[in-house]
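So the structure is just underneath, and the comments pick up after that.
What you see is a predicted model; the values in this text were computed from it and never measured.
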Amino acid sequence: MSDTIFAPITGRGGAVTVIRISGPASFDILGRLTTLPKPRLASLRKITWHAQLLDHALVTIFPGPKSFTGEDCAELALHGGRAVLAAISAALTGEGARYAEPGEFSRRAHANGRLDLLEAEAMADLIASETEAQRRLAVEGAHALQSATASWRETLVQAMAQQEALIDFPDEDLPPEVEAALLARIAGLRDDMRAALATAPAAERLREGLEFVILGPPNAGKSTLLNALAGEDIAIVSELPGTTRDAIGVRLDLGGVPVHLTDTAGLRDTNDAIEAEGVRRAQARAGKADLIIAVAPAPNPVFPPTPPGIEIIHVITKSDLFELIPLGFQSVSATNGAGMAALRTTLAAAAARLTDTKGAAALSRPRQTACLRDTAEALDRALATTEPELRGEELRTAAHALARLTGRVGVEEILDAVFSGFCIGK
Ligand SMILES: Nc1nc2c(ncn2[C@@H]2O[C@H](COP(=O)(O)OP(=O)(O)OP(=O)(O)O)[C@@H](O)[C@H]2O)c(=O)[nH]1
Ligand SMILES: [Mg+2]
């Protein structure tokens with residue numbers, strides 16, 4: 001027996017608050033506050049408790065299993081006031097419901113087979129998405145992953161069935177092509193998965209947002225550049241070298257990709273302990289960045305050393321101080337605005353490149369990547385062995401790992417499918 005739970009499913013401060021109720025006693029409890037409308041028919045109702053009118057609400061009931069959680073559910077669209085929510089919550093609690101834990105509706109939906117883990121994660125990502133590229137990742141990328149997973153599972157099931165047949169029939173009865181075809185099928189599946197794994201870093205970066213760091217000598221105009229890119233006066237600018245000590249961040253939307261841009265302390269040797277800590281932090285940030293904007297001021301630009309293996313864009317600042325701008329370098333001037341639009345375009349292109357999942361199934365979470373990597377590794381081992389029983393075992397391991405991706409299909413169900421869908425003479 002599970003509790004009946006409720007919680008607002010809309011954000012604060014709107015004109016309307018929607019409360020969802022879910023659980024076996026949903027309709028009993030709600031029935032004590034109002035007359036229940038017909039299923040799935042939104043109806044205006046008075047909500048009263050202890051002879052007191054609490055609100056007029058649009059009430060919809062969804063009998064299980066055809067509801068979000070798979071249980072009996074109801075949704076009340078109330079007026080958005082804080083006191084309305086408090087009064088309805090008190091009434092629902094008073095009638096025996098309890099406040100839902102975070103994620104509890106989705107958890108019940110998963111338990112009742114209404115939502116697999118990939119769907120639940122995609123839903124959370126969609127709700128959290130801040131930019132257009134993130135929205136597309138949560139809708140299209142996740143959908144591509146869900147259908148790829150279904151087709152991988154199908155192929156794996158067929159491979160398992162073939163493998164069982166090879167184990168059950170003596171070698172001499174089967175032409176060698178049967179085993180060759182099986183190995184080719186497993187190799188093809190493994191290659192497909194490796195291709196998806198190759199784009200996982202891009203998908204993860206898009207889900208989390210990119211880290212761009214501005215790095216350069218003191219007084220180069222780093223804080224000025226951050227302010228210009230943000231379109232806001234965020235970091236202190238002064239003609240004194242060593243102004244910025246703390247790393248100062250701002251979130252940008254670069255062509256639909258979320259980017260966290262950080263301004264850092266100017267790099268130099270210094271006896272000032274606080275500034276030295278700032279320099280240490282600047283270098284630490286740069287070491288973890290997806291991209292470093294290395295800046296050097298005109299008229300004698302000297303770029304800072306940068307950590308290896310991280311993408312770098314070199315930008316000469318204060319280009320207004322040049323007589324002649326050197327060829328082949330991107331340059332900007334905060335004074336006259338030159339080069340800013342071009343820099344923005346370059347940064348947006350880099351952001352797009354770093355998050356390009358190439359239309360592949362988007363593995364946007366380490367959990368998903370780990371499941372698929374385990375699957376591909378089990379297939380590697382299945383391909384490496386010549387022992388039919390061992391190969392069968394590795395295919396089962398692969399099926400287990402793949403099932404963890406959706407959290408829905410257990411390996412027993414896969415084996416059921418093997419044995420019910422394929423007649424192998426047992
Ligand atoms: N002529 C000119 N001056 C600039 C430009 N950008 C910044 N400055 C000036 O350069 C000085 C330093 O600018 P900041 O943005 O504080 O430089 P910073 O790199 O953040 O300096 P630190 O935080 O000390 O490392 C200020 O006086 C700015 O007004 C520019 O494009 N042209
Ligand atoms: Mg600064």
F6 and Y99 aromatic centres sub-6.0 Å: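 They qualify: ring centres under 6.0 Å apart.
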
Within-4.5 Å side-chain heavy-atom neighbours: [X] and [Y]:
X: T264; Y: T244; result: no
X: R98; Y: L92; result: no
X: I19; Y: I9; result: no
X: L347; Y: L229; result: yes
X: P366; Y: T369; result: no
X: E275; Y: R245; result: yes
X: D374; Y: H400; result: no

Salt bridge [X]-[Y], side-chain N to carboxylate O under 4.0 Å:
X: D380; Y: R194; result: yes
X: E393; Y: R396; result: yes
X: R391; Y: E179; result: yes
X: E132; Y: R135; result: yes

side-chain contact (heavy atoms from CB on, under 4.5 Å) between F322 and I316, worked out: CA-CA 10 Å; F322 273 132; I316 297 175; 3.4 Å; yes

List for me each residue that meets salt bridge (charged side-chain N to carboxylate O under 4.0 Å, His left out) alongside [X], sequence neighbours excluded, and say none if there are none.
X: E277; value: R280, R281
X: E130; value: R251
X: D253; value: none

Pairs satisfying salt bridge (Lys or Arg N to Asp or Glu O under 4.0 Å), at least one member in residues 64-76, at least two apart: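 Applying salt bridge (Lys or Arg N to Asp or Glu O under 4.0 Å) to every pair that reaches into residues 64-76, excluding sequence neighbours, yields R20-E75, E71-R108.
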
Residue pairs fulfilling salt bridge (Lys or Arg N to Asp or Glu O under 4.0 Å) with at least one residue in residues 345-370, sequence neighbours excluded: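 For residues 345-370: E121-R367, D125-R365, E311-R353.
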
Would you say [atom1] of [X] has more than 12 non-hydrogen atoms from neighbouring residues, nucleotides or ligands within 6.0 angstrom?
X: R381; atom1: CZ; answer: yes
X: D269; atom1: CG; answer: no
X: H260; atom1: NE2; answer: yes
X: I274; atom1: CD1; answer: no

To the nearest 0.5 Å, what is the distance between [atom1] on [X] and [atom2] on [Y]?
X: L395; Y: L383; atom1: CG; atom2: CG; value: 8.5 Å
X: I248; Y: I234; atom1: CD1; atom2: CD1; value: 9.0 Å
X: L145; Y: W152; atom1: CG; atom2: CH2; value: 6.0 Å

Step-by-step side-chain contact (heavy atoms from CB on, under 4.5 Å) determination, I47 to I88: CA-CA 8 Å; I47 311 291; I88 304 280; 3.7 Å; yes

Show which side-chain atoms of residues 325-332 pair as donor or acceptor with protein atoms under 3.5 Å away, not counting sequence neighbours.
{"from": "Q330", "atom 1": "OE1", "to": "T346", "atom 2": "OG1", "distance (Å)": "3.2"}
{"from": "Q330", "atom 1": "NE2", "to": "A342", "atom 2": "O", "distance (Å)": "3.4"}
{"from": "Q330", "atom 1": "NE2", "to": "T346", "atom 2": "OG1", "distance (Å)": "3.0"}

Chi angles and distances behind the side-chain contact (heavy atoms from CB on, under 4.5 Å) call for L156, I186: CA-CA 8 Å; L156 190 52; I186 298 173; over 6 Å; no

Working for side-chain hydrogen bond (donor to acceptor under 3.5 Å, both in side chains), residues Q158 and E154: CA-CA 6 Å; Q158 286 170 5; E154 175 74 28; 3.1 Å; yes

